[in-house]
There are 2 protein chains.
Amino acid sequence: MSKCEQCIVRQFSSLKALNKEELLRMADCKTSYTIKKGEPIFEEGETVNGVYCIKEGVCKMTKLSDNGKDQIVKLVKSGELLGQRSMISDEPANLSAVALEDMEVCFIPRSEVMGFFNNNNQFSMNVMKTICDDLKDSDSHMVNMAQKTVKQRLADTLIYLEETFGVNEDKSLHIQLSREELAGMIGTATESCIRLLSELNKLGYIALTGKKITLLDKNKLKRLQ
Amino acid sequence: MSKCEQCIVRQFSSLKALNKEELLRMADCKTSYTIKKGEPIFEEGETVNGVYCIKEGVCKMTKLSDNGKDQIVKLVKSGELLGQRSMISDEPANLSAVALEDMEVCFIPRSEVMGFFNNNNQFSMNVMKTICDDLKDSDSHMVNMAQKTVKQRLADTLIYLEETFGVNEDKSLHIQLSREELAGMIGTATESCIRLLSELNKLGYIALTGKKITLLDKNKLKRLQ
DNA sequence: TTTAAAATATGATATTTGTCATACTTTAAT
DNA sequence: ATTAAAGTATGACAAATATCATATTTTAAA
């Protein structure tokens with residue numbers, strides 16, 4: 001069993017507030033999992049009974065819409081925690097978590113995390129601030145969905161992907177999403193997403209080479225109507 | 001100065017966890033305001049420095065979109081608190097709060113609420129659960145904005161308004177929103193909203209009499225494509 | 001390696017939604 | 001009571017987006 005104390009990613013989440021003793025306790029009760037690309041960590045409606053700490057990899061948080069399409073609500077990367085809201089609300093998961101790359105995650109049982117939560121003020125404050133940030137992001141996201149065109153949302157999303165997940169040596173977006181997944185992020189039909197990517201490509205704002213997307217003119221992307 | 005102890009609406013919010021002593025302290029430091037219909041309680045970007053408890057009336061929480069339109073993110077009614085997220089994040093308001101009816105609200109300074117928050121476990125847990133509920137609602141709302149048609153969103157909203165705010169003796173919706181505000185809730189142009197209301201009226205699913213809207217067939221509204 | 005399946009791309013077309021113009025109705029101010 | 005302003009309604013049209021069909025390319029399985 002690896003030591004949480006020596007795990008780098010805990011520095012990036014609410015867990016950074018835990019002290020040595022708490023970290024030892026956590027190392028003792030955690031379970032590590034390897035999740036293959038495309039596999040779920042948990043599904044909407046499932047009782048999770050703990051939180052997952054992402055050690056490696058990126059996952060999408062999705063929600064099934066009434067029309068049968070999966071909407072991607074957010075992306076979560078290494079260092080972040082999954083299932084905090086469900087833990088506090090003591091409710092089943094509202095979203096599914098599915099690996100976009102091979103992942104390594106650690107599961108920490110609810111009882112343990114709630115212990116930290118109740119006894120470590122800094123930890124609980126961190127968790128709450130994270131949830132508050134999520135709420136703010138979600139509200140803004142909602143307004144964008146309601147008020148912006150698909151083209152604007154695509155441009156916003158491409159810029160978000162570059163800023164959040166970085167680029168490869170050839171400047172292409174590091175994170176690899178299928179066209180269907182990208183459409184699921186911006187909330188549109190896959191064909192519309194592909195068509196708009198082609199359009200931005202022809203305009204010279206982005207470059208498409210195979211599956212790779214490279215942003216060439218972020219200012220023009222931002223100013224799209 | 002009226003006594004918080006005798007105020008009925010505190011039972012409906014996180015404040016129900018406060019004990020007698022805390023209620024006395026709150027009564028001592030609170031400020032009561034009357035807000036006229038159409039007036040703001042606070043605006044997006046403003047530092048609020050406390051929470052508002054709604055004693056009477058309903059307000060809309062709005063966010064200005066890049067395209068200049070006001071999106072209504074949620075409606076808040078008597079018994080609920082405003083500004084909890086900003087208080088915990090220690091950030092300016094993310095949304096504006098504007099009265100939809102004449103309102104009575106009480107302002108409780110941040111320092112006081114944070115005192116309760118840090119010393120009363122049940123109160124802080126209530127606040128957090130409220131914020132978690134808001135997050136869940138916001139995520140669902142976002143998916144609806146991304147995936148449902150304007151007509152479906154209008155139907156959903158009408159049903160929500162009836163279920164949340166009730167009806168008058170003549171069965172018409174109790175809450176009065178202008179067409180522009182209704183459009184701002186569903187995220188569409190005012191003309192589109194008016195046109196779709198007319199369509200639902202012609203179909204016999206709703207009745208329009210002056211400003212009043214009456215739902216006649218909720219099942220058919222729910223099943224709209 | 002071959003081959004089937006999945007992903008990407010694009011055209012044709014239908015539908016939805018937004019915009020602008022204008023008329024009518026209600027509300028509120030003088 | 002009169003009048004201006006705001007709100008509601010509807011037509012005409014343009015733009016955005018979805019859907020269906022089909023071709024091409026890529027991926028992964030046998």
Side-chain angles (χ1 to χ4, degrees), chain A residues 36-39 65-71 100-102 144-158 172-173 176-203 206-214 224-225, chain B residues 36-38 65-71 100-102 144-158 172-173 175-203 206-214 224-225:
Chain A
K36 288 258 170 63
K37 179 176 176 170
E39 285 180 356
S65 171
D66 291 346
N67 66 10
K69 285 190 189 171
D70 261 325
Q71 174 70 29
L100 287 177
E101 319 168 336
D102 291 350
N144 287 340
M145 288 296 185
Q147 299 285 351
K148 291 192 175 182
T149 65
V150 174
K151 200 186 289 183
Q152 290 173 317
R153 272 142 53 196
L154 171 59
D156 287 352
T157 301
L158 292 174
S172 65
L173 295 186
Q176 290 258 5
L177 296 172
S178 69
R179 301 295 191 254
E180 191 179 1
E181 284 168 331
L182 194 53
M185 281 193 79
I186 65 185
T188 191
T190 307
E191 298 95 321
S192 299
C193 175
I194 290 171
R195 226 179 285 275
L196 288 171
L197 282 172
S198 292
E199 193 185 326
L200 296 181
N201 186 28
K202 277 170 197 147
L203 284 168
I206 67 174
L208 300 174
T209 35
K211 270 187 175 283
K212 290 187 172 176
I213 301 174
T214 310
L224 275 176
Q225 291 297 346
Chain B
K36 289 257 170 65
K37 179 177 176 170
S65 171
D66 291 346
N67 66 10
K69 284 190 188 170
D70 262 323
Q71 174 70 30
L100 286 176
E101 319 169 335
D102 291 350
N144 288 340
M145 288 297 184
Q147 299 284 351
K148 292 192 174 181
T149 65
V150 174
K151 200 185 287 184
Q152 289 173 318
R153 272 142 52 196
L154 172 60
D156 287 352
T157 302
L158 292 174
S172 64
L173 295 185
I175 191 166
Q176 291 259 1
L177 295 172
S178 69
R179 300 297 192 253
E180 191 179 1
E181 285 168 331
L182 194 52
M185 281 194 79
I186 64 184
T188 191
T190 307
E191 297 95 320
S192 298
C193 175
I194 290 172
R195 224 179 288 273
L196 288 171
L197 282 172
S198 293
E199 192 184 325
L200 297 181
N201 186 28
K202 277 169 197 150
L203 283 168
I206 68 174
L208 300 174
T209 36
K211 271 186 176 286
K212 291 186 171 176
I213 301 175
T214 311
L224 274 177
Q225 291 296 346

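Just so it is clear, the model here is predicted, and its values are computed rather than measured. The figures here come from the full heavy-atom set of this structure, side chains too, leaving out hydrogens, waters and symmetry mates. Chain identifiers are assigned alphabetically (A, B, ...) following the order of the sequence lines, protein sequences preceding nucleic acid strands; residue numbering begins at 1 within each chain.
Phosphate proximity of C:dT17 to B:Thr188: absent, as no side-chain N or O sits under 4.0 Å from OP1 or OP2.
The distance between atom CD1 of A:Ile186 and atom P of D:dA16, rounded to the nearest whole Å, is 15 Å. Distance A:Lys37 NZ to D:dT27 P: 10 Å, rounded to the nearest Å. A straight line from CZ of B:Arg153 to C1' of C:dT17 spans 10 Å, rounded to a whole angstrom. One can place CD of B:Gln225 at 16 Å from C1' of C:dA14, the figure rounded to the nearest angstrom. The nearest whole Å value for the distance from the CD atom in B:Glu199 to the C1' atom in D:dG11 is 15 Å. One interatomic measurement links the two molecules: CG of B:Leu154 to C1' of C:dT17, which rounds to 14 Å at whole-angstrom precision. To the nearest angstrom, P of C:dT17 lies 13 Å from CD of B:Gln147. Rounded to whole Å, the distance from CG on A:Leu196 to P on C:dT10 is 12 Å.
At the heavy-atom level, A:Thr149 lies under 4.0 Å from the strands shown only through sugar-phosphate atoms.
Of all heavy-atom pairs spanning B:Arg179 and B:Gly210, the tightest one is NH2-O, 3.8 Å. Counting all heavy atoms, side chain and backbone alike, B:Lys212 lies closest to B:Gln176 at CG-NE2, 4.2 Å.
A:Asn144 contributes atom CG, which lies 10.5 Å from atom OG1 of A:Thr149 (distance to the nearest 0.5 angstrom).
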List the atom pairs, with distances to 0.1 Å, where a side-chain N or O of residues 186-193 of chain A and a protein N or O form a donor-acceptor pair under 3.5 Å, not counting sequence neighbours.
none

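Here the side chain of B:Asp70 pairs no donor or acceptor atom with the backbone of B:Gly184 at under 3.5 angstrom.
Picking from C:dT19, C:dG18, D:dT17 the nucleotide with the shortest atom distance to the side chain of B:Lys69 gives C:dT19.
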Atom pairs under 3.5 Å: protein N/O with N/O of nucleotides 6-9 of chain C:
from  : atom 1 : to       : atom 2 : distance (Å)
C:dA7 : O3'    : A:Lys211 : NZ     : 3.4
C:dT8 : OP1    : A:Lys211 : NZ     : 2.8
C:dT8 : OP2    : A:Arg179 : N      : 3.0
C:dA9 : OP2    : A:Arg179 : NE     : 2.9
C:dA9 : OP2    : A:Arg179 : NH2    : 3.3

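Contact of the A:Ile206 side chain with the A:Thr214 side chain is not registered, since no non-hydrogen atoms from C-beta on lie closer than 4.5 Å.
Side-chain N/O atoms of B:Arg195 and base N/O atoms of D:dG11 include a donor-acceptor pair closer than 3.5 Å.
Within the structure, every pair that satisfies the salt bridge (Lys or Arg N to Asp or Glu O under 4.0 Å) test and touches residues 145-156 of chain B, not counting sequence neighbours, is listed here: A:Asp66-B:Lys148, B:Lys148-B:Asp156, B:Lys151-B:Glu199.
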